[in-house]
Number of protein chains: 2
Amino acid sequence: MIESEPSPNGAAEAESSSRKRVVIGDVAARAGVSKSAVSFVFNNRSGVSASARERILRAADELGWRPSARARALSRSHAQAVGLVIRRDPELLSTDPFFPQFMAGVEIGLTAHDYSLVLQVVADEQSERAAYHRFADASRVDGVFLTDVRIGDTRPQDARELGLRAVVIAPEDAASDDGVAIGMNDSDGVRRAVHHLHSLGHRRIAHVMGAPMYVHTEARRRAWREALVDLGLPVGTVVTADFTGASGARATHELLDLPEPPTAIVYGNDLMAIAGVSAATDRGVRVPEDLSVVGFDDIPLAPYALPPLTTVRQNVVAWGTAAAQTLVALVEGRQPPTVRLPPVEFVVRGSTGPTRDRRHA
Amino acid sequence: MIESEPSPNGAAEAESSSRKRVVIGDVAARAGVSKSAVSFVFNNRSGVSASARERILRAADELGWRPSARARALSRSHAQAVGLVIRRDPELLSTDPFFPQFMAGVEIGLTAHDYSLVLQVVADEQSERAAYHRFADASRVDGVFLTDVRIGDTRPQDARELGLRAVVIAPEDAASDDGVAIGMNDSDGVRRAVHHLHSLGHRRIAHVMGAPMYVHTEARRRAWREALVDLGLPVGTVVTADFTGASGARATHELLDLPEPPTAIVYGNDLMAIAGVSAATDRGVRVPEDLSVVGFDDIPLAPYALPPLTTVRQNVVAWGTAAAQTLVALVEGRQPPTVRLPPVEFVVRGSTGPTRDRRHA
DNA sequence: TTGTACGCGTTATCAA
DNA sequence: TTGATAACGCGTACAA
């Protein structure tokens, strides 16, 4: 199990015997050219004849050589890697569909350019700052994605000072000019939710918001409020929660305890919405007969909730890809492509229905 | 928003003006010693006097210098990074609590040793192989975690051939000696689920298994079967599904269509279990009155399902940490520490109850 | 197209 | 033992 002979040059090839690492010189020699020629070919630069290029590619292929990311990173002063720091509660991390989807999308954008994604999961703000510093000081990455943007977040400036390129993933209307941003469009989804509830006859529509420090939490709250105002409905009650199931259940109880409880609730995410349904059911309030519920995210479980959850779906994978393309362009000093993100979808399922509120019937 | 002046040397320090990167030589000069002395101090090696060490540390601190991971990686032939390749359907990726928790745990183990985690999310087997090759050929990482181990999986050998150290995360009983393994203990959870159901009077206990290519799927099925045999119960029906909600619902319908339907079902994960509850409810079968349901994973939503889901919980974060410590030790040629993983927990909630099966009452 | 300096720590070799 | 010097790792980039 353990190397018997941890050779000083790294035990990595203890097994594969004499075959030492193939380097650019080997390829050059085999193709009968200089190292530079090989380098040129592998960087798609001109200055190599077609026949030489052909021989070089064949030689590299036969030897199974690919440029070492390590050597390349050093000579180019460029890590060919970008970083993502995730700061989350353990609970939220494992329900939130955002990160897995976002990372899957990022991968698509990065792999095309042969960049790597370096990940760091941290629990608190202090570790988060340390993580960005490690990234920058050790030059492990060339740029970072900034997600879960908080109100008054200084990370865009911090990143700039650390010499890291950054792409901010935040709601469109919250995007400042601190850096290049990929705009999420949360407002649209919430607006559609409110309109949907309005069309079902609801007039007392409450909102359970997530952790208030995030700009997207605020964006969703604002969209909810504006939609109500636009429709001429009274602005309902908003309860602050924190995106966890427990907080969603608690907030729901608070709302149902009101003298005039809402007939519909728009939640900041699906987890709180489903916990809300559970809380309502516990006290004999039926969904959707007595209370309509809308979530946000469309987690894979949403169709299987009881009742199936009406919710807002965003194409987070597409954001990830767009963010990655933008960041790579930024790192390479190119003009970032103009990204066109797919529109938000609103998915109507069984947790919303016509109001039975007699007072307004 | 966009840099006005994309300088050729990478715009990274456009803002920070003249302050160019501090290098080891600067620290050495300031401390009045040679580069090697600085290097020795930062690698905890002897050969530097206490006073010199003191000056060096102060100089480095004042200059804010940390060794460049890039240069270090090149000279040590060592990336100081490990890789994780995730191959998953998009749907499963965003419900599965495994990866987020595992990564959070890995981070704990890696940060302590200043290693980075390089992530790659891929969709199919071909991209997966390519990903491992990229890791190895470009020497981006020193080792990899192998998760979602499949039956007949060749990745342990592949990794060895590529010169990558590997830690396999798989059920204990499936761990071969292909490499160092961190043992999951799925069987125990399933066994406890079956015993729990038995104690409630159930005699016809079915199983909905996940995608059959994974060793953990098979481990759970085997544990289910063995527990039944041990208890002297008839081996119930097993239906093959694939861990998705849709497959869980379909499998449940199949089971309830049987001439002698089960009174309890053990599912391979929570998503299928919750979808199963939904399917049962749709056809008028009440949970837990008519049917008891047990999941696996204890996702954060489990307590808020209707009824709250009885399920199996594993401390995946702990596995991640153990796997990371093991992999780092392996990469550095040390003896991996003996890991002691916390035991499986079985969480009883509302989806299981006494059987009403009159035939056996 | 090619030779060669360079990027930045690490380590083997020498000297004190 | 403490410390300095130089070679090295492996591509890249610039001068020739």
Side-chain angles (χ1 to χ4, degrees), chain A residues 6-10 12-13 20-29 31-56 59-60 63-80 114 137-140 142 332, chain B residues 7-10 12-13 20-29 31-56 59-60 63 65-80 114 136-140 142 163 332:
Chain A
S7 57
N9 58 347
E13 291 175 341
K20 47 195 330 167
R21 196 174 204 302
V22 178
V23 297
I24 195 171
D26 302 327
V27 177
V33 296
S34 70
K35 292 198 304 178
S36 325
V38 178
S39 176
F40 276 38
V41 168
F42 274 79
N43 291 290
N44 309 312
R45 289 169 51 166
S46 55
V48 184
S49 69
S51 72
R53 151 177 255 99
E54 177 62 32
R55 290 203 311 282
I56 291 169
L63 270 52
W65 177 83
R66 301 226 318 177
S68 154
R70 298 204 279 250
R72 199 175 233 184
L74 181 59
S75 66
R76 289 202 205 164
S77 316
H78 184 285
Q80 191 93 348
D114 205 32
D137 295 348
S139 311
R140 274 192 198 268
D142 306 309
E332 297 185 342
Chain B
S7 58
N9 58 344
E13 291 177 341
K20 46 194 333 166
R21 195 173 204 304
V22 178
V23 298
I24 195 172
D26 302 327
V27 177
V33 297
S34 70
K35 292 197 306 177
S36 30
V38 178
S39 177
F40 275 38
V41 169
F42 274 79
N43 290 290
N44 309 312
R45 289 169 52 162
S46 57
V48 183
S49 67
S51 72
R53 150 178 256 98
E54 178 62 32
R55 291 203 312 280
I56 290 168
L63 269 54
W65 178 83
R66 302 223 320 174
S68 153
R70 298 204 279 250
R72 202 173 229 185
L74 181 59
S75 64
R76 291 205 220 174
S77 315
H78 184 286
Q80 190 93 346
D114 204 33
D137 295 348
S139 310
R140 274 191 199 267
D142 306 311
E332 298 185 342

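Order of the sequence lines sets the chain letters (A, B, ...), proteins ahead of strands, with each chain counted from 1.
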Scoring nucleotides 9-15 of chain D by protein non-hydrogen atoms under 4.0 Å (B base, S sugar-phosphate only, - none) yields BBBBB--

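- With sequence neighbours excluded, the residues forming a side chain to side chain donor-acceptor pair (under 3.5 Å) with Arg76(A) are Asn43(A), listed by chain and number.
- Residues satisfying the side-chain contact (heavy atoms from CB on, under 4.5 Å) test with Arg53(A), not counting sequence neighbours, are Val41(A), Val48(A), Leu57(A).
- As judged by a 4.0 angstrom heavy-atom cut-off over every strand, Ala73(A) is placed among residues making no nucleic acid contact.
- Taking 4.0 angstrom as the limit, Ser46(B) places none of its side-chain polar atoms (N or O) nearer than this to OP1 or OP2 of dT1(D).
- Here Arg70(B) pairs with nothing under the side chain to side chain donor-acceptor pair (under 3.5 Å) rule; sequence neighbours left out.
- Residues meeting the side chain to side chain donor-acceptor pair (under 3.5 Å) test with Ser36(B), sequence neighbours left out: Ser34(B).
- In this entry the distance linking CG of Asp137(A) with P of dG9(C) reads 12 Å, nearest Å.
- In terms of the side chain to side chain donor-acceptor pair (under 3.5 Å) criterion, Arg66(B) has no residue partners (sequence neighbours excluded).
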